[in-house]
2 protein chains.
Amino acid sequence: MGTSLPRRSAGDGRPMSMEAQLPTRERLLSVAMRLFWEKGYNSTSVADILRESDTNSGSLYHYFPTKKDLLVGVLERYRDGIEPMLLLPVWEGIEDPLERVFALLAGYRRLLLDSDFRLGCPIGNVALEIAKPEPEVRERLVQNFEAWTGAVERCMVEAGDRIPGDVDRRALAAFALTAMEGGVMLARAYQDIGPFDAAVDRFRDYMARLGLQG
Amino acid sequence: MGTSLPRRSAGDGRPMSMEAQLPTRERLLSVAMRLFWEKGYNSTSVADILRESDTNSGSLYHYFPTKKDLLVGVLERYRDGIEPMLLLPVWEGIEDPLERVFALLAGYRRLLLDSDFRLGCPIGNVALEIAKPEPEVRERLVQNFEAWTGAVERCMVEAGDRIPGDVDRRALAAFALTAMEGGVMLARAYQDIGPFDAAVDRFRDYMARLGLQG
DNA sequence: GTCTATAAAAGGATAGAC
DNA sequence: GTCTATCCTTTTATAGAC
């Protein structure tokens, strides 16, 4: 009995989260993803991660020799989660490719509001937080931006002749990312969704004027 | 003799910088501005600031009871420096208000290139680095963004009927800020000026299409 | 792979003489 | 206002038994 049940008990009175049932390595990544997102990389200590994941130091350093290695693992999970965890939910029931672009932006809007402006883009945070990222980290940041931009670019391509043929789809997708990141930054500083909405409105207006000129 | 000369000698062999001649409080602010910009707030230790400013701990804590107070002072100096230190230099010899907007953006481009992508917008860095800024800090971040946006808005207003009357000048200025911040973030992550140029190009194209449709 | 214990350094901040 | 010395906490990381 109980052979493959989670070996850790909730006997300390703390509520048992879903994270608690994961195997150690996954549990560490899951908790680190959340804490890096909420508090930032530098402001999250290894001790924070050990406590919230109910893991011992020896186990963490068994899987991740340094804190930076843990960040690399987290960035890879963000990257691999863009399709299933970010795009799939916000694109549910939306077929129109251009509507999908704005549904994605609306997802960040929702996140800002639901978190009272504590959560924005986890990649953008790390990108500005770490002044001189080591190559391992920087490469994963770029991979995340590339995956995001690539997905939006495919929407722009699928929009076909609704966008004039001479407009660079890739550049349009990159501009959506730029506007999102800038909008998230300002909304968090102002603690007001206004600057984010303003950025999306300008981007939407740009798209509209592009179309009108086809 | 030597009554009002800087009381600190360069006898330790290190080169004497211009910062070294400032009174203590100014010297601390000057060095902290530079280090927060280069390394970020969290990654700059009080010890770093003391070493680079050749100051004793007691003096720093005499002027700034906590590290956060020092950050507040730095943010106020960034804010007050926007006109004289940022705008005045890049607008030198440029009278056309719309050209001034792009000259400002070109200033950030220059900064990224000259610093090999180590320096971007010091305000944007802090805005994303500090997950839950205390009110004192957050207010100064907003003041910086407001001062920047206000200056660009005045350019848009001065452009008069070159921008159609029904276009919101303030919204246009805010979009310039959004594009700049997003562009700087991506350029630093990619270590490539391409993403920044792409953002400015899209913004310029948007401005052009606005004008054409007046 | 997991556990406890702890090292070793860096962090922000303070005390008290001058 | 400045100086030296130092406190106390937190930090990342390691040792070595199980």
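For the numbers below, each heavy atom of this structure counts, side chains included, while hydrogens, waters and symmetry mates do not.
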Quick check on side-chain contact (heavy atoms from CB on, under 4.5 Å): which of A/Val126, A/Leu75, A/Thr149 does A/Asn144 satisfy it with? A/Leu75
Which heavy atom of B/Ala176 sits nearest to which heavy atom of B/Leu105, and what is that distance? O-CD2, 4.3 Å
Quick one: B/Glu26 CD to D/dG1 C1', roughly how many Å, whole number? 14 Å
A/Asn56 CG to D/dA13 C1': how many Å, rounded? 15 Å
Scan residues 79-93 of chain B for pairs that pass salt bridge (Lys or Arg N to Asp or Glu O under 4.0 Å), counting only residues two or more places apart or in two chains. B/Glu83-B/Arg154
Hey, could you give me each pair passing salt bridge (Lys or Arg N to Asp or Glu O under 4.0 Å) that has a residue in residues 167-194 of chain A? Not counting sequence neighbours. A/Glu146-A/Arg170
Output the rounded distance in Å from CG (A/Leu28) to P (D/dT12). 14 Å
Considering all heavy atoms of both residues, which atom of B/Leu98 and which atom of B/Met156 are nearest to each other, and what is their separation? CD2-SD, 4.0 Å
Gap between atoms CZ and P, on A/Phe64 and D/dT12 respectively (whole Å): 15 Å
Can you classify the ring geometry of A/Phe36 versus A/Tyr41 as parallel (below 30°), tilted (30 to 60°) or perpendicular (above 60°)? perpendicular
Within residues 29-42 of chain B or reaching into it, pairs that qualify as salt bridge (Lys or Arg N to Asp or Glu O under 4.0 Å) - sequence neighbours excluded: B/Glu19-B/Arg34, B/Arg34-B/Glu38, B/Arg34-B/Glu52, B/Lys39-B/Asp48
To the nearest angstrom, how far is A/Leu50 atom CG from C/dG1 atom P? 18 Å
DNA chain D in dot-bracket, Watson-Crick or G-U pairs under 3.5 Å, [ ] crossing, | other strand? |||||||.||||||||||
To the nearest angstrom, the CG-P distance between A/Asp54 and C/dC3 comes to 8 Å
Between atom NE2 in B/His62 and atom C1' in C/dC18, what is the gap in whole Å? 15 Å
Extract from the structure each pairing of a protein N or O with an N or O of nucleotides 12-14 of chain C at less than 3.5 Å, listing the distance.
residue	atom	partner	partner atom	Å
C/dG12	OP1	B/Lys67	NZ	2.9
C/dG12	OP2	B/Val46	N	2.8
C/dA13	OP2	B/Lys67	N	2.9
C/dT14	O4	B/Ser57	OG	2.5

Specify the separation, in whole Å, of atom CD1 of B/Ile49 and atom P of C/dA10. 17 Å
Name all pairs fulfilling the ring-ring contact (aromatic ring centres under 6.0 Å, His included) condition that reach into residues 46-77 of chain B, sequence neighbours left out, sorted by first residue then second. none
Taking the six-membered ring for Trp, are the ring centroids of B/Phe175 and B/Tyr206 within less than 6.0 Å of each other? yes
